[in-house]
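In what follows, chains carry the letters A, B, and so on, assigned in the order in which the sequence lines appear, proteins first and then strands, with residues in each chain numbered from 1.
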2 protein chains.
Amino acid sequence: MELLKNKIRQEGKVLSEEVLKVDSFLNHQIDPLLMQEIGKEFVKRFSDQNITRIITIESSGIAPATMAGMILGVPVVFARKRKSLTLTDHLYSAKVYSFTKKESNDISVSKDFISNEDTVLLIDDFLANGQAALGLIDIAKQAGATIAGVGIVIEKCFQPGGDLIRKEGVRLESLAELQSLKNGQVQFVGEE
Amino acid sequence: MELLKNKIRQEGKVLSEEVLKVDSFLNHQIDPLLMQEIGKEFVKRFSDQNITRIITIESSGIAPATMAGMILGVPVVFARKRKSLTLTDHLYSAKVYSFTKKESNDISVSKDFISNEDTVLLIDDFLANGQAALGLIDIAKQAGATIAGVGIVIEKCFQPGGDLIRKEGVRLESLAELQSLKNGQVQFVGEE
Ligand SMILES: Nc1nc2c(ncn2[C@@H]2O[C@H](COP(=O)(O)OP(=O)(O)O)[C@@H](OP(=O)(O)OP(=O)(O)O)[C@H]2O)c(=O)[nH]1
Ligand SMILES: Nc1nc2c(ncn2[C@@H]2O[C@H](COP(=O)(O)OP(=O)(O)O)[C@@H](OP(=O)(O)OP(=O)(O)O)[C@H]2O)c(=O)[nH]1
């Protein structure tokens, strides 16, 4: 997605060979009109599917997922990483391992908001090691939902997440695919 | 806002005299088209102001704030409750006290995304004790920003948040004002 790739080139900061900072439009400050374009692009890529619900994870997945839901006219559910005041029981949960923190934590979705009648699009901001996306896939499977696929804003293709998702037989659409962050440079897949 | 009040009447669950559950459209599942209407209503109410940025708090504030930002064409910043991979320094922070947990925690906004040149609209989903809203006001003041006001989706008028905000001299616009949650019933301000 050229608009997104240009935004990354202009505003992305390479913090290390492994980490791209895009706080100015995705992870802390949000560019709502860019999010709307991202939503449109997700909807376009999955237009062959009859999506009934979008599932994402708090917090950075919420804006892109909500825009896709607005365009499709379907509800959006954000998986919680922590119990909330009103989300306490009647849940599907999945363990998500963090390589950085070396610990597992649960993500949860209420059974009220996903069922075997749903065809779900799973959306998140970054795809790196893939544990969060695998957690969402696990929850969708527990619910017996049909998985239309995973939609990712930025994928780090040099990390295993993409392969893990494809190994599950799930379709993956990433709007920006990073080949490398070496030498302080953003290099997209298919570029020199 | 009648559309919102009707949604609350149809789908809201009164959990106690103090807590209304609206997980089906605001706090876990999101109704994106309702969020768009909520965004429009916030923009309408503050149309006399030259808002340059919207500030909210993760997670439930993100969807309504992003819709308002989309309609105004301005960036939206969500204050973080925890350090993130990329939000580590160069921050404005405020303490937010939780009466339930009996503890204070910091919320933070990067200094890159708010300044004395901004006129900010502060948006959140619920207004109860008001500590989160006061934290956002504190951050806006530290940055020297002009505060257009606070926009709240659902205010519990029987709790002190609204008074605390007005005591700060800040304008408050709440789209649904709850008079009471007694007897398992939602009663809005101005109703029998
Ligand atoms: N900016 C940025 N973020 C990255 C990058 N790679 C991974 N992340 C994010 O960092 C967080 C890493 O989460 P961990 O669970 O600790 O995973 P990991 O160590 O196994 O990678 C996730 O944020 P999250 O759970 O999605 O948090 P939130 O932003 O939704 O609150 C993930 O999206 C990157 O290159 N740049
Ligand atoms: N559904 C519902 N929620 C309420 C109600 N009253 C307060 N809340 C939410 O509960 C959380 C209470 O936070 P605390 O910081 O513990 O505050 P408190 O005990 O002083 O009220 C906040 O969620 P938050 O920080 O905004 O979390 P998030 O949803 O953004 O993750 C607040 O918005 C209510 O009547 N119904």
Check your understanding: Would A:Ile30 and B:Val77 count as a side chain to side chain contact (heavy atoms under 4.5 Å, CB included) if you check the C-alpha gap in whole Å, the side-chain angles of each, and the deciding distance to 0.1 Å?
Key -> CA-CA 6 Å; A:Ile30 293 164; B:Val77 185; over 6 Å; no
Review point. Can A:Ile62 and B:Phe78 be said to form a side chain to side chain contact (heavy atoms under 4.5 Å, CB included), step by step?
Key: CA-CA 11 Å; A:Ile62 292 171; B:Phe78 60 95; over 6 Å; no
**Study point:** Worked verdict on B:His28 versus A:Glu58 for side chain to side chain contact (heavy atoms under 4.5 Å, CB included)
**Key:** CA-CA 9 Å; B:His28 183 38; A:Glu58 59 180 342; over 6 Å; no
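Closest heavy-atom contact between B:Pro32 and A:Pro75: CD-CA, 4.1 Å. Heavy atoms only, all atoms of each residue included: B:Ser59 and A:Ser59 are closest at OG-OG, 3.4 Å.
Chain B forms the most heavy-atom pairs under 4.5 Å with one residue out of A:Gly73, A:Ser60, A:Ser110, and that residue is A:Ser110. Across A:Asp31, A:Asp112, A:Val109, the residue that shares the most heavy-atom pairs under 4.5 angstrom with chain B is A:Val109. If you tally non-hydrogen atom pairs under 4.5 Å between each of B:Ile71, B:Asp23, B:Leu85 and chain A, the highest count goes to B:Asp23.
By the neighbour-count criterion of 12 heavy atoms within 6.0 Å, atom CG of A:Asn6 is densely surrounded, having more than that number from other residues, nucleotides or ligands. Other residues, nucleotides and ligands place no more than 12 heavy atoms under 6.0 Å from the CD atom of B:Glu117. In the displayed structure, B:Lys13 atom NZ is contacted under 6.0 Å by at most 12 heavy atoms of other residues, nucleotides or ligands.
The closest side-chain donor-acceptor pair between B:Thr86 and A:Asn27, if any, does not fall under 3.5 angstrom.
In this structure, B:Lys81 NZ and A:Arg82 CZ are separated by 9.0 Å, a value rounded to the nearest 0.5 Å. Note that CE of A:Met35 and CE of B:Met67 are 12.0 Å apart. Values are rounded to the nearest 0.5 Å. Interatomic distance, OG1 of B:Thr88 versus NZ of A:Lys21, reported as 6.0 Å (0.5 Å rounding).
When the side chains of ILVMFWY residues are joined at heavy-atom separations under 4.5 Å, either directly or via intervening members, B:Ile57 and B:Ile51 end up in two distinct hydrophobic clusters. A:Ile152 and A:Leu122 fall within a single hydrophobic cluster, where Ile, Leu, Val, Met, Phe, Trp and Tyr side chains are chained together by heavy-atom contacts under 4.5 Å. Hydrophobic clustering (side-chain heavy atoms under 4.5 Å, transitive across Ile, Leu, Val, Met, Phe, Trp, Tyr) keeps A:Leu127 apart from A:Leu181. Hydrophobic clustering of Ile, Leu, Val, Met, Phe, Trp and Tyr side chains at less than 4.5 Å, counting indirect connections, keeps A:Leu172 apart from A:Phe46. The hydrophobic clustering, which links ILVMFWY residues whose side-chain heavy atoms are closer than 4.5 Å, places B:Val19 and B:Phe25 apart.
For the pair A:Met70 and B:Leu33, the minimum side-chain heavy-atom distance is below 4.5 Å.
Looking at A:Ser24, the atoms closer than 4.5 Å to chain B (heavy atoms on both sides) sit in the backbone and in the side chain alike. Contact annotation for B:Thr56: neither backbone nor side-chain heavy atoms come within less than 4.5 Å of a heavy atom of chain A. B:Leu87 touches chain A through backbone and side chain together, each having a heavy atom under 4.5 Å away.
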